[in-house]
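One structure is given here, and the rest of the page talks about it.
By convention in this document, chain letters (A, B, ...) are assigned in the order of the sequence lines, proteins followed by strands, and residues within each chain are numbered from 1.
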There are 2 protein chains.
Amino acid sequence: MPNATPLLHREAHCKDCSLACMCLPISLHADEMDALDRIVKRGRPLKRGDVLFRQGDEFSSIFALRSGAMKTYSLSDEGDEQITGFHLAGELIGMSGMDTGRYTVTAVALETTSVCEIPFDTLDELTAVLPQLRKQLMRLMSRELREDQEMMLLLSRKNADQRIATLLINLSARFRARGYSAKAFRLAMSRNEIGNYLGLAVETVSRVFTRFQQQGLLLADGKQIEILDYIQLCALAGGQND
Amino acid sequence: MPNATPLLHREAHCKDCSLACMCLPISLHADEMDALDRIVKRGRPLKRGDVLFRQGDEFSSIFALRSGAMKTYSLSDEGDEQITGFHLAGELIGMSGMDTGRYTVTAVALETTSVCEIPFDTLDELTAVLPQLRKQLMRLMSRELREDQEMMLLLSRKNADQRIATLLINLSARFRARGYSAKAFRLAMSRNEIGNYLGLAVETVSRVFTRFQQQGLLLADGKQIEILDYIQLCALAGGQND
DNA sequence: CGTGGCCTTGAACCTAGTCAAGTCTAGTGG
DNA sequence: CCACTAGACTTGACTAGGTTCAAGGCCACG
């Protein structure tokens with residue numbers, strides 16, 4: 001294969017992208033998708049630890065993840081990070097910067113990750129003529145509002161077991177939606193990051209994982225997870241058993 | 001004054017509304033504002049306890065509060081309510097329903113409240129031709145995302161004192177922005193609702209109010225609040241003093 | 001004057017945090 | 001290939017902040 005196409009050019013168009021069904025282009029016609037495609041910038045992949053944008057940077061684009069995983073976090077007044085989300089392929093990040101004109105969080109790659117950059121001003125103009133695109137952008141923001149509400153419920157109502165169960169079930173569903181196994185997957189984030197995100201100490205996260213294994217709910221070998229009792233885990237995640 | 005205009009017709013147009021500066025019409029020209037105005041429905045005021053929309057109802061409109069105060073809450077699997085926000089005049093509610101086509105929360109009036117109903121389909125069409133309206137709608141959703149993030153930070157990082165202080169400072173700022181006193185105001189919600197919202201037991205809320213009074217931070221006579229040491233309260237709210 | 005809802009206060013308990021120590025693992029360089 | 005190291009993870013003992021349970025006070029309203 002002479003002059004093989006570099007990785008970053010593969011799936012370099014929305015219409016070829018397997019994630020189009022959960023990303024911005026949903027329900028666009030071919031020509032509309034091309035219009036969107038023309039404004040998308042695709043750079044080289046980020047490596048683990050690379051920063052996509054920083055809290056306080058001027059807001060100019062939103063980003064769609066094409067592959068990999070990222071975390072977003074904000075810095076509290078004391079300077080310690082509070083993780084606000086883990087993001088997988090097909091998801092949009094950076095939207096909370098629209099209001100103030102500056103990103104409100106920092107986005108960092110948890111593993112090798114490629115992103116599509118969508119300049120916001122151009123996107124905005126495009127939404128004027130593409131009603132479906134406008135709808136989808138709204139829908140994605142609205143979904144994020146809903147997910148934040150669920151997160152608030154988790155943080156104010158659920159105990160440590162329920163929090164971890166909820167995260168695992170949530171990740172499981174997102175992996176399945178992307179064509180990966182819902183039962184066995186590899187966590188991109190550390191125990192520390194899980195604790196930070198869920199409002200728990202690392203030690204608590206570790207203890208819960210140990211307990212879940214003793215109860216036969218799952219197998220955890222470092223970051224490799226296998227869910228053994230999906231039903232039970234779901235029950236823990238959904239319900240408030242107290 | 002023969003045939004006095006009924007209350008609900010006063011300020012019945014966006015261009016006369018004192019809240020236009022923080023509501024949807026920001027930076028619209030007079031004729032654009034009229035276009036928005038034409039699609040807004042204004043009903044009779046809600047009384048305390050009245051439901052504006054219910055979780056699960058079909059999503060059709062978003063609502064702007066013209067006066068009064070509301071709470072939104074969602075029901076957990078166990079059927080107990082989790083309050084997701086307190087909303088004052090000038091604020092928009094119902095946007096989290098856009099994604100699924102059904103409201104994700106129930107909205108209830110905490111006191112006598114008038115609202116402007118904005119049918120979403122019509123609003124959406126209008127945003128195609130009014131770039132400023134589109135921007136503002138996006139900005140308001142983006143702001144809500146940011147506020148939710150702050151709430152998540154509060155729930156996962158702050159102790160009881162800091163949570164109450166944060167709520168009071170937040171309300172204070174919102175009252176000031178609406179032309180009311182930042183130092184003395186009346187809470188529209190009960191201690192129970194405060195605890196529910198902040199992820200605390202009623203008893204804890206009550207104890208913190210008592211402690212704050214002993215420390216000379218504020219005066220609380222039932223729902224009537226007077227802030228005595230604004231600086232100190234701000235410090236508590238902002239910082240993580242642990 | 002009684003009733004019910006809301007709020008406050010006290011005491012006991014419990015979950016998760018903190019501190020401290022120890023283990024495991026991946027990566028590095030001899 | 002192995003020893004070494006730094007960082008991630010686990011485990012145990014103790015602590016503290018907030019919940020729960022129980023009781024009583026306050027106030028509006030009939």
Side-chain angles (χ1 to χ4, degrees), chain A residues 47-49 71 76 78 80-83 108 110-112 154-168 186-215 218-225 236 240-242, chain B residues 47-49 71 78 80-83 108 110-111 154-168 186-215 218-225 236 240-242:
Chain A
K47 289 193 303 293
R48 173 177 171 75
K71 67 171 174 180
S76 75
E78 270 61 36
D80 39 31
E81 75 180 53
Q82 164 66 36
I83 295 177
V108 173
L110 291 171
E111 57 189 43
T112 304
L154 175 144
L155 289 170
S156 76
R157 281 268 193 281
K158 295 187 179 180
N159 65 26
D161 286 17
Q162 296 168 331
R163 293 184 195 196
I164 304 272
T166 304
L167 176 68
L168 291 175
R186 198 182 151 69
L187 298 174
M189 67 296 285
S190 69
R191 299 283 191 271
N192 227 313
E193 289 166 328
I194 292 177
N196 182 308
Y197 177 59
L198 295 178
L200 298 171
V202 206
E203 293 92 330
T204 305
V205 176
S206 190
R207 278 185 252 269
V208 173
F209 270 108
T210 306
R211 189 146 12 97
F212 279 2
Q213 290 192 81
Q214 288 165 352
Q215 295 170 347
L218 51 80
L219 279 175
D221 177 18
K223 300 192 168 174
Q224 189 63 37
I225 302 289
L236 249 180
Q240 269 78 45
N241 63 349
D242 49 37
Chain B
K47 290 193 303 292
R48 173 176 172 76
K71 67 172 174 180
E78 268 60 38
D80 39 31
E81 74 181 52
Q82 164 66 36
I83 295 177
V108 172
L110 291 171
E111 56 190 43
L154 174 144
L155 290 170
S156 76
R157 281 267 195 281
K158 295 187 180 181
N159 64 27
D161 286 16
Q162 296 169 330
R163 293 184 194 196
I164 304 273
T166 304
L167 176 67
L168 290 175
R186 196 182 153 70
L187 299 174
M189 67 295 285
S190 70
R191 299 284 192 271
N192 227 314
E193 288 166 328
I194 292 177
N196 182 308
Y197 177 58
L198 296 177
L200 299 170
V202 207
E203 293 92 329
T204 306
V205 176
S206 188
R207 279 185 250 270
V208 172
F209 270 108
T210 306
R211 189 146 13 96
F212 279 2
Q213 289 192 81
Q214 288 165 352
Q215 296 169 348
L218 51 79
L219 279 175
D221 177 18
K223 301 194 167 170
Q224 189 63 38
I225 302 289
L236 249 181
Q240 269 77 49
N241 62 350
D242 47 38

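By the 6.0 Å contact criterion, CZ on B:R48 is open, its count of non-hydrogen atoms from other residues, nucleotides or ligands being 12 or less. Within a 6.0 Å sphere centred on NZ of A:K223, heavy atoms belonging to other residues, nucleotides or ligands number more than 12.
Without hydrogens or angle criteria, A:R191 side chain to A:T204 main chain gives no donor-acceptor distance under 3.5 Å. Side chain of B:Q213 to main chain of B:T210: no donor-acceptor pair is present (N/O by atom type, distance under 3.5 Å, no hydrogens or angles).
Interatomic distance, A:L236 CG to A:K158 NZ, rounded to the nearest 0.5 Å: 9.5 Å. Distance check, rounded to the nearest 0.5 Å: CD of A:E193 to CD1 of A:I83 gives 4.5 Å. With rounding to the nearest 0.5 angstrom, the CD1 atom of A:I225 is 4.5 Å from the CG atom of A:L187.
Comparing the axis of the opening five pairs of the helix from C:dC1-D:dG30 to C:dG30-D:dC1 with that of the closing five pairs yields an angle of 30°, rounded to 10°.
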Name the pairs: protein N/O against N/O of nucleotides 19-23 of chain C, kept only if under 3.5 Å.
unit_1: C:dC19; atom_1: N4; unit_2: A:E203; atom_2: OE2; d: 3.0

Close N or O pairs between protein and nucleotides 23-30 of chain D (under 3.5 Å):
none

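Of all non-hydrogen atoms in B:A165 and B:F212, the two that sit nearest each other are N-CE2, 4.1 Å. Residue B:S156 comes nearest to A:G199 through the heavy atom pair CB-CA, 3.8 Å, listed as atom of the first residue, atom of the second, then distance.
When rounded to the nearest whole Å, the span between CG of B:L155 and C1' of C:dA16 equals 16 Å. Whole-Å rounding puts the A:E193 CD to D:dC9 P distance at 8 Å. Whole-Å rounding puts the B:R163 CZ to D:dG17 P distance at 14 Å. Across the protein-nucleic acid pair, B:R211 atom CZ and C:dT9 atom C1' stand 13 Å apart, rounded to whole Å. B:K223 has its NZ atom 8 Å from the P atom of C:dC6, to the nearest Å. The CD1-P distance, from B:I164 to D:dG17, rounds to 16 Å in whole Å. Distance A:R157 CZ to D:dG18 C1': 14 Å, rounded to the nearest Å. For the pair B:Q224 CD and C:dC7 C1', the computed distance is 16 Å after rounding to whole Å.
With respect to the salt-bridge test (charged N to carboxylate O, under 4.0 angstrom), the residues A:E81 and A:K71 qualify.
Using a 4.0 Å heavy-atom criterion, one finds that B:G195 contacts no nucleic acid atom at all. Contact annotation for A:S190: backbone-only contact, meaning every heavy-atom pair under 4.0 Å involves sugar-phosphate atoms and none involves a base.
At the phosphate of C:dG17, OP1 or OP2 sits under 4.0 Å from a side-chain N or O atom of A:T204. Residue A:T210 places at least one side-chain N or O under 4.0 Å from the OP1 or OP2 atom of D:dT11.
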*Full working for side-chain contact (heavy atoms from CB on, under 4.5 Å) between A:E203 and A:S206*: CA-CA 5 Å; A:E203 293 92 330; A:S206 190; 5.6 Å; no
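If you check D:dT19, C:dT8, D:dG17 against the side chain of B:L200, the one that comes closest is D:dT19. Of the listed nucleotides (C:dG17, C:dA16, C:dC7), C:dG17 has the atom at the smallest distance from the side chain of A:A201. Distances were taken from every side-chain heavy atom of B:A160 (C-beta onward) to each of D:dT19, D:dT10, D:dG18; the shortest belongs to D:dG18.
Of the options A:L167, A:L155, A:T166, a side chain to side chain contact (heavy atoms under 4.5 Å, CB included) to A:L198 is made by A:L167 and by none of the others.
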